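Below you'll find the structure, written out as structure tokens, and then a few comments.
The analysis underlying the following values was restricted to heavy atoms, covering all of them including side chains, and did not include hydrogens, waters or symmetry mates. Everything numeric here is computed off the predicted structure, so don't read it as measured data. Here, residue 1 is the first one in the sequence, and each next residue gets the next number.
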Amino acid sequence: MPLLAGRVMLMVILVLSPALALAQKGVLNESIERRGDETWQVARQIWQFAEPGYQEVQSAKLLADTLERAGFTIKRGVAEIPTAFVATYGEGKPIIGIMGEYDALPGLSQQAVPEQLPREGATYGHGCGHHLFGAASMSAAIAIAEQIKAGQVRGTVRFYGCPAEEGGSGKTFMVRAGLFDDCDAALHWHPSSRNSAGDGSCLARAAVKFRFKGKSAHAAGSPEQGRSALDAVELTCHAAELLREHTPDFTRIHHVITAGGGAPNVVPDFAEVFFYIRHPKAEIVKELYPRLVKCAQGAAIATETKLEELYLGGTMEIVPNDALAQVALTNLKSLNDLKYSADELQFATRLQATLTKPQPLETLNQVFDVSTDIGKGSTDVGDVSWVVPTTGFTTACYVPGTGAHSWQAVAAGGTTIGRKGMQLAARTMAAIAWDLFHQPDTLATAKAELARHLAGRRYDPLLLPGQKPPLDYRNSPTAP
């Protein structure tokens with residue numbers, strides 16, 4: 001072939017390749033839209049189940065069964081967690097992991113209406129949109145599996161069914177079990193009130209419950225005979241408040257009293273307080289944790305009660321990966337088509353009247369680059385990012401200005417507003433995965449970037465040696 005003709009043909013190939021890629025991604029979109037009703041039904045069922053972390057029996061089964069019917073091979077009960085599973089389709093390299101979550105939050109029962117109205121008979125609610133998270137990731141994984149079957153993609157897609165993200169550190173135990181070790185990249189997303197992608201991190205976090213056992217007595221008739229477990233909890237909380245003044249910048253310490261007695265005229269012989277301690281660096285969390293324990297130990301001494309420390313584990317900060325983040329940002333920008341219908345606009349307007357800082361609805365059309373941001377929350381995705389290149393994004397599944405962990409987020413997540421954000425997430429996730437299957441150089445760059453970020457540091461999870469997953473951490477405490 002003449003040199004000039006060869007150059008012309010090469011130019012044609014280079015021009016046609018993006019068009020071909022767009023056409024093949026269009027097939028992914030068609031697949032996801034074709035299953036839209038089924039995916040939404042799965043999401044709505046999980047929204048209705050609203051199951052606590054490590055107790056998502058129905059939610060995990062629904063996702064795993066749906067993937068199994070789509071041809072995936074399922075391993076259930078992985079990492080000693082009954083509600084964790086891994087679903088695999090294809091064979092060989094690369095292996096692209098897609099994460100899905102499905103646990104709900106306590107105290108957030110809510111109907112899909114724009115005023116605060118709990119669902120009858122329910123106490124938990126999907127205030128973080130994990131029903132959408134699991135369903136969209138499932139849909140994206142199935143779309144990729146169809147392309148593997150059709151011969152358009154070579155490699156393996158793996159869906160990780162991840163329980164108990166909300167304080168249970170589910171992925172931390174899955175990472176420790178080696179389930180991500182052979183992955184070439186891991187992808188995640190999260191419902192939000194805006195669309196964003198980029199190279200951000202988060203706060204590392206440790207979780208602990210302090211339980212105190214005292215001695216009951218008549219609070220008025222014989223108070224000297226009592227030893228108040230509630231006093232111990234209150235002293236622990238006060239000491240933790242004083243500790244805040246002497247911690248590094250950006251430390252977060254917060255708590256909730258989960259048990260404190262039943263009647264004011266009975267000295268409580270059992271009480272429990274649940275603490276989180278966070279910081280942008282896991283090594284700082286490790287240094288601060290023993291100081292928090294001393295607060296509880298001192299309270300036990302002062303009140304003559306017995307302390308039981310229940311360490312629930314923790315999560316690492318996310319190791320950013322710009323190589324993957326740019327792929328996520330590009331695809332989210334190209335696919336974002338969010339627009340509210342008249343009914344959705346009416347819902348959004350009514351709900352925004354309940355928000356502290358509502359945002360313009362026009363932000364639905366925008367995609368924010370979070371680049372150097374450090375998120376104020378924590379996620380066990382951080383642990384995954386220490387062992388495999390990882391990236392994620394958010395889509396607007398709540399009305400702009402809505403904060404997560406709120407009844408407003410639960411409400412929107414049960415409507416077509418949530419569905420539209422879910423479908424955008426599924427299309428974006430599938431497009432990112434498709435690119436990575438066809439871009440070995442990007443995967444190699446991402447792996448090199450992870451090694452550079454770690455700079456020889458070893459993954460050392462915030463777990464005790466041999467620690468088991470705290471499968472009952474959401475159970476209501478009772479006196480021993």
Side-chain angles (χ1 to χ4, degrees), residues 28-76 82-89 97-105 108 110-112 119 122 124-146 157-166 170 187-192 394-398 409-430 433:
L28 294 175
N29 293 341
E30 291 171 7
S31 169
I32 288 165
E33 292 305 319
R34 184 177 66 249
R35 286 191 316 280
D37 289 344
E38 178 189 9
T39 306
W40 179 235
Q41 183 179 11
V42 169
R44 277 286 302 186
Q45 282 185 275
I46 296 174
W47 186 87
Q48 292 279 351
F49 293 152
E51 295 172 295
Y54 291 130
Q55 300 172 35
E56 317 96 331
V57 176
Q58 297 177 93
S59 303
K61 184 178 187 302
L62 177 59
L63 288 168
D65 288 352
T66 305
L67 286 159
E68 190 168 43
R69 287 194 298 272
F72 283 70
T73 300
I74 313 295
K75 291 184 179 180
R76 304 174 192 253
T83 56
F85 68 93
V86 176
T88 303
Y89 193 97
I98 295 176
M99 291 175 265
E101 298 171 4
Y102 33 86
D103 59 321
L105 285 159
L108 287 178
Q110 170 65 29
Q111 298 182 35
R119 289 198 297 128
Y124 279 71
H126 275 285
C128 220
H130 290 179
H131 63 301
L132 303 170
F133 189 162
S137 293
M138 174 198 73
S139 181
I142 292 173
I144 290 295
E146 290 176 351
V157 62
R158 185 181 292 162
F159 178 96
Y160 290 91
C162 304
E165 188 275 338
E166 300 287 1
L187 308 177
H188 68 102
W189 77 282
H190 205 285
S192 178
T394 72
T395 64
C397 299
Y398 323 139
V410 183
T415 71
T416 53
I417 289 174
R419 173 175 174 155
K420 285 182 174 178
M422 175 194 75
Q423 287 293 92
L424 173 58
R427 297 196 305 271
T428 302
M429 181 73 76

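Checking side-chain atoms of S139 against main-chain N and O of A135 turns up no donor-acceptor pair under 3.5 Å. No donor-acceptor pair closer than 3.5 Å links the side chain of S137 to the backbone N or O of G134. R427 contributes no side-chain N or O that, together with a main-chain N or O of I32, makes up a donor-acceptor pair within less than 3.5 Å.
For the pair D103 and F133, the minimum side-chain heavy-atom distance is 4.5 Å or more. Two residues are said to be in side-chain contact when any heavy atoms from C-beta on lie closer than 4.5 Å; E166 and P52 fail this criterion. No side-chain heavy atom of H130 sits under 4.5 Å from any side-chain heavy atom of E56. You'll find the side chain of Y102 reaches within 4.5 Å of the side chain of L63, heavy atoms only. Considering only heavy atoms from C-beta on, E165 stays 4.5 Å or farther from M99 through its side chain.
The two residues W40 and G418 have their closest heavy-atom pair at CZ3-C, 4.2 Å. Summarising the geometry of T83 relative to V57, their closest heavy-atom pair is CG2-N, 3.7 Å, with the distance given to 0.1 Å. Across A87 and L67, no two heavy atoms sit closer than the pair CB-CD1, 3.9 Å. Nearest heavy-atom pair, A412 versus C397, reported as atom, atom and distance to 0.1 Å: CB-O, 3.9 Å. Annotation for A430 and L28: closest pair O-CD1, 3.6 Å, computed over non-hydrogen atoms. Listed here is the closest heavy atom pair of Y89 and G71: CD1-O, 3.4 Å.
Atom CG of L424 and atom CE of M422 lie 11.0 Å apart (nearest 0.5 Å). Here the straight-line distance linking atom CD of Q110 with atom NE2 of H126 works out to 14.0 Å at 0.5 Å rounding. Atom CG of L132 sits about 12.0 Å away from atom CD of E101, to the nearest 0.5 Å. Considering OG1 of T416 and CZ of R419, their distance stands at 8.5 Å, rounded to 0.5 Å. Atom-to-atom distance recorded for R35:CZ and Q41:CD is 14.0 Å, nearest 0.5 angstrom. Between R69 atom CZ and I142 atom CD1 the span is 9.0 Å, to the nearest 0.5 Å.
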Which donor-acceptor pairs under 3.5 Å do side chains of residues 42-50 form with protein atoms, sequence neighbours excluded?
from: R44; atom 1: NH1; to: G414; atom 2: O; distance (Å): 2.6
from: W47; atom 1: NE1; to: V410; atom 2: O; distance (Å): 3.0
from: Q48; atom 1: OE1; to: R119; atom 2: NH1; distance (Å): 3.0

Would you sort out whether H190 and C128 count as a side chain to side chain contact (heavy atoms under 4.5 Å, CB included), showing the intermediate values?
-> CA-CA 8 Å; H190 205 285; C128 220; 3.2 Å; yes
Show your reasoning for whether side chain to side chain contact (heavy atoms under 4.5 Å, CB included) applies to L187 and W189.
-> CA-CA 7 Å; L187 308 177; W189 77 282; over 6 Å; no
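For E38, the salt bridge (charged side-chain N to carboxylate O under 4.0 Å, His left out) test picks out no residue, with sequence neighbours left out.
Relative orientation of the F159 and F85 rings is parallel, given thresholds of 30° and 60° on the angle between their planes.
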